[in-house]
Every structure is written in C-alpha cells, then in structure tokens.
Amino acid sequence: MSAEIVNSHIATPEIANLPAAPMMSAVPNPALAELQDIIHPDPIGAWPWAIGYWLVLAIVISLITLLVIWLRKRARYFAPRRAAKQLLNQLDRQAPSYVSDVNSILKRTAMSYLSREAIASLDGKAWATWLDSYLPAHKRQRIGPLLTKRHQATPLTLDEANELHALTQAWLASKAKLNAPELSQINAQVMPVDSQKSEAQC
C-alpha cells in the first residue's frame with residue numbers, strides 16, 4: 001500500500017467507516033395523496049341581517065312615522081291660532097275699533113275649531129265665560145268686561161288695550177282642546193232675553 005493511500009485513510013477515518021445513505025424512494029405515499037388542503041370558512045359578513053335587527057329597524061321606522069304624523073296634525077291644529085296671533089300683533093291698540101277687531105279674531109279662531117252654530121250666537125256673559133274657561137285662573141273675569149266696552153263710544157285706554165292684548169295672547173296660546181259651550185252658558189245668555197219679552201207682554 002502506498003504512502004498516499006495510508007495518509008488519506010488516516011486523515012478521514014469517520015468518512016471511511018460511515019455506512020452508505022439510503023436512497024430516497026421516488027414512489028409517492030398513497031395515504032398522503034388522499035389528504036386535502038384545510039378549507040377555511042367564509043368570513044362573517046354584515047348582510048343579511050338577523051331577524052332581531054329587522055325587528056328593531058321596523059320599530060324605529062314605525063316610531064318615526066308616528067312622530068311625523070303627530071307633529072303634522074299638531075301643526076295643522078294650531079295653525080289657526082298662529083294666524084290669529086299674527087293678526088292680533090298687526091292691530092293698532094289705540095284704534096277705536098280695537099276691541100271689536102280683537103273680538104272678531106277670537107270668534108273667527110273659535111269657529112275654526114267648532115261649528116258656527118256653537119260660537120256665533122255667543123255674546124256677553126256666555127261668551128266671556130266660555131273664553132275664561134281657557135285662560136289661567138289668575139287671568140279670568142277680566143276679558144269679558146274689556147270686550148263689553150266695544151259697545152261703548154269711548155275707546156279703551158292704553159293700559160286696558162295692553163291688558164286685552166295680553167289676555168287674548170294667553171287665550172290663543174292655550175294648548176287645551178276647544179269644546180263647544182255647555183247648555184248652561186247658552187241658557188245664561190238666552191234667559192234674560194226671554195224674561196224681557198215676557199215682561200213686555202204683561
């Protein structure tokens with residue numbers, strides 16, 4: 001044996017003693033061939049909504065619709081009073097016809113809510129009593145005497161005109177629903193006239 005061969009065996013003794021590595025088989029494993037890739041579920045989307053969301057949406061839409069209908073009815077109901085307030089503010093309080101104009105505004109406003117037969121015949125105490133029923137308690141018993149002065153030749157003083165203006169505004173600002181006058185109020189106006197007729201016939 002030559003010296004070069006001996007030296008090569010001495011330099012790499014591990015490599016010389018290692019067994020030969022087995023050869024990788026080129027045939028695929030049939031068990032691995034049947035495996036499939038992992039399928040991930042689709043991401044959860046916002047549509048379609050669950051039944052609970054539809055119920056909440058339906059309730060919200062219904063409430064908004066009812067609110068809009070109520071506001072429109074309320075606006076239509078108070079429209080004559082708003083128009084009357086504008087007419088009242090345009091009147092001249094020092095004019096001789098101021099009391100008559102205020103009384104006309106009150107009658108026209110009342111007839112916007114009630115029948116003409118129920119309001120047109122009201123006058124004097126019955127008219128004042130009906131108006132007082134829609135005024136605050138501390139402002140009652142004053143509008144009647146002021147309206148009665150429309151039959152007098154002397155006009156209202158400025159203080160009286162201002163008081164009538166304030167009382168009329170308070171009546172127009174009332175949120176209470178107007179009701180037809182009671183029979184007792186109408187009879188209170190008719191009875192004095194009937195008694196006068198009976199006395200004249202005697």
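One-based numbering along the sequence shown.
- Between the CD1 atom in Ile143 and the CG atom in Leu164 there is a gap of 6.0 Å [rounded to 0.5 Å].
- By the rule that hydrophobic residues join a cluster once side-chain heavy atoms approach within less than 4.5 Å of another member, Met111 and Leu114 end up as members of one cluster.
- In terms of the side chain to side chain contact (heavy atoms under 4.5 Å, CB included) criterion, residue partners of Ser115 (sequence neighbours excluded) are, by chain and number, Glu117, Ala118.
- With sequence neighbours left out, Tyr113 forms a ring-ring contact (aromatic ring centres under 6.0 Å, His included) with Tyr77.
- Among residues two or more places apart in sequence or in another chain, the side-chain hydrogen bond (donor to acceptor under 3.5 Å, both in side chains) test is passed with Asn179 by none.
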List the atom pairs, with distances to 0.1 Å, where a side-chain N or O of residues 94-107 and a protein N or O form a donor-acceptor pair under 3.5 Å, not counting sequence neighbours.
{"unit_1": "Ser97", "atom_1": "OG", "unit_2": "Asp101", "atom_2": "OD2", "d": "3.2"}
{"unit_1": "Tyr98", "atom_1": "OH", "unit_2": "His165", "atom_2": "ND1", "d": "3.4"}
{"unit_1": "Asn103", "atom_1": "OD1", "unit_2": "Trp127", "atom_2": "NE1", "d": "2.8"}
{"unit_1": "Lys107", "atom_1": "NZ", "unit_2": "Ile119", "atom_2": "O", "d": "3.4"}
{"unit_1": "Lys107", "atom_1": "NZ", "unit_2": "Ala120", "atom_2": "O", "d": "3.4"}
{"unit_1": "Lys107", "atom_1": "NZ", "unit_2": "Leu122", "atom_2": "O", "d": "2.3"}

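- Sorted by first and then second residue, the pairs that involve residues 149-161 and meet salt bridge (Lys or Arg N to Asp or Glu O under 4.0 Å), not counting sequence neighbours, are Asp123-Arg150, Lys149-Glu160.
- In this structure the side chain of Arg93 never reaches within 4.5 angstrom of the side chain of Leu156, judged on heavy atoms.
- Between Leu178 and Ala110 the shortest heavy-atom distance is CD1-CA, 4.4 Å.
- Between Trp130 and Ala180, the shortest heavy-atom distance links the atoms NE1-C, 4.1 Å.
- Applying the salt bridge (charged side-chain N to carboxylate O under 4.0 Å, His left out) test to Lys85 and every residue at least two apart in sequence or in another chain returns nothing.
- Between Leu88 and Gln169, the shortest heavy-atom distance links the atoms CD2-CG, 3.6 Å.
- Clustering ILVMFWY residues whenever any of their side-chain heavy atoms sit less than 4.5 angstrom apart, transitively, puts Leu57 in a cluster other than the one holding Leu55.
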Enumerate donor-acceptor pairs with a distance under 3.5 Å from any side-chain N or O in residues 63-73 to protein atoms, sequence neighbours excluded.
{"unit_1": "Thr65", "atom_1": "OG1", "unit_2": "Ile61", "atom_2": "O", "d": "2.8"}

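- Ala170 pairs by the side chain to side chain contact (heavy atoms under 4.5 Å, CB included) definition with Leu135, Lys139, not counting sequence neighbours.
- Leu131 is listed as a side-chain neighbour of Leu147, based on a closest heavy-atom distance under 4.5 Å.
- Partners of Arg142 according to the salt bridge (charged side-chain N to carboxylate O under 4.0 Å, His left out) rule, which considers only residues two or more places apart in sequence or in another chain, are Glu163.
- Asp132 places no side-chain N or O within 3.5 Å of a backbone atom of Arg140 that could act as its donor or acceptor partner.
- Among residues two or more places apart in sequence or in another chain, the side chain to side chain contact (heavy atoms under 4.5 Å, CB included) test is passed with Phe78 by Arg74, Arg81, Arg82, Lys175.
- Under the side chain to side chain contact (heavy atoms under 4.5 Å, CB included) criterion, Ala176 pairs with Tyr134, Ser174, sequence neighbours left out.
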